[in-house]
Amino acid sequence: TQPISIGIVGYGNLGRGVEAAIRQNPDLRLEAIFTRRDPDKLEAGTQMVSINDIERYRGKIDVLILCGGSATDLPEQGPALAKLFHTVDSFDTHARIPEYYAEVDASSRAAGTVGVISTGWDPGLFSLNRLLAEAVLPEGSEFTFWGKGVSQGHSDAIRRVPGVKNGIQYTIPREEAVERVRSGENPELSTRDKHLRECYVVAEEGADREAIAETIRTMPNYFADYETVVHFVSEETLAAEHGAMPHGGHVLRSGRTGAGNTQIVEFSLKLDSNPEFTASVLVAYARAAYRLAQKGESGAHTVFDIPFGLLSPKSPEQLRKELL
Ligand code: NDP
């Protein structure tokens, strides 16, 4: 059988991750990478093409993996490209997912394409685990802890503080809170109890460090509700020690069944590279999108709507024998 032909839209961290992940999946083949920038000025192992020429690839590409940002790229590109191709994306603005779903659904239904939205790890694999544990343990509580990982939004907020030259923010789960959930205590946890925020800041020459730290610690919405630790480092240290993009976290449900027995369900991720892992999830869902389309389905789909078996390159018979 022919490999499934993939196009990547947007060549940032996620786009590069998808390019690498496709190499690990022999049933997929990368056809082209589309960008809004000048394709001749970008280095990649694959053909770089201007996004303006994407229509020419209809019929040559089975699934497009959209790797743009959730803030402004996907709300525009998702519904537009779903009119032309089957798509997969990682839209992660949780509060706006219903609205985004409706827009991609309208486009993909009209065009007869499949649009898989909001996959990755959160939303994505974490969402699946929240659903699974809640369906199995209706009486119980859900706890999601994120980190240790870099939060782009919080890092941007630090960099906007006067006197700050550069900086990065890690969200860190409080281990004592995670342990309390694991022990079956089913605790009431405030925002401050669950996560800690650690900032590494490069200050401008002569800037008042205490004033910077205070501005960060008291910043509403971002830091004020948390215990926030601010470290000042040199530009060299920031580059040498904080250039990677680790992330991960835990999804737990603490429930009770029958005679009051405590049941704990936990799913964890520990990721050296957030974008490379997210990309690997997108690639598995591209395979599923292709198979849904082969079955004649169309419209927007989330991870909740897609049978697990479709993610695997293995046949249902093979899966029953090896993994059931
Ligand atoms: P980037 O900022 O690296 O890339 C976003 C887009 O910006 C690219 O597609 C690219 O588009 C453009 N771009 C990239 N680098 C440059 C540059 N140097 N100059 C100008 N433009 C550039 O974002 P990420 O790849 O790190 O993340 C993309 C999205 O993935 C995030 O917004 C987030 O929403 C989502 N995500 C989802 C997760 C999940 O679990 N669901 C987890 C992690 C991320 P172009 O080539 O067209 O210029």
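Of the inter-residue distances, the one linking Gln263 atom CD with Arg256 atom CZ reads 9.5 Å to the nearest 0.5 angstrom. Rounded to the nearest 0.5 Å, atoms CG (Asn186) and OG (Ser254) are 4.0 Å apart. Distance check, rounded to the nearest 0.5 Å: CZ of Arg130 to CG of Asp122 gives 4.5 Å.
For Ser268 and His250, the side-chain atoms include at least one donor-acceptor pair closer than 3.5 Å. With no hydrogens or angles considered, a side-chain donor-acceptor pair links Arg197 and Thr171 at under 3.5 Å. A side-chain donor-acceptor contact under 3.5 Å links Tyr170 and His242.
A donor-acceptor pair under 3.5 Å links the side-chain atoms of Arg287 to the main chain of Leu311, judged by distance alone.
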- Residue pair Val136, Arg253: steps toward the side-chain contact (heavy atoms from CB on, under 4.5 Å) verdict: CA-CA 10 Å; Val136 172; Arg253 187 166 182 86; over 6 Å; no
- Task: Start with the C-alpha distance between Met219 and Arg160, add both sets of side-chain angles, then the distance that settles side-chain contact (heavy atoms from CB on, under 4.5 Å), and finish with yes or no.
- Result: CA-CA 11 Å; Met219 196 186 295; Arg160 286 193 294 267; over 6 Å; no
- Run the numbers on Ile158 and Tyr222 for side-chain contact (heavy atoms from CB on, under 4.5 Å), then give the verdict. CA-CA 9 Å; Ile158 294 178; Tyr222 286 91; over 6 Å; no
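With contacts defined as side-chain heavy-atom distances shorter than 4.5 Å, the pair Gln24/Val283 does not qualify.
Note: Phe145 and His195 have tilted aromatic rings, judged against thresholds of 30 and 60 degrees for the angle between ring planes.
What you find for Cys199 and Thr228 is that their closest heavy atoms are SG-CG2, 3.8 Å.
A salt bridge does not link Arg180 with Asp193: none of the charged nitrogens is closer than 4.0 Å to a carboxylate oxygen.
Residue Ile6 is not grouped with residue Ile51 when hydrophobic side chains (ILVMFWY) are merged at heavy-atom distances under 4.5 angstrom, including chains of intermediate members.
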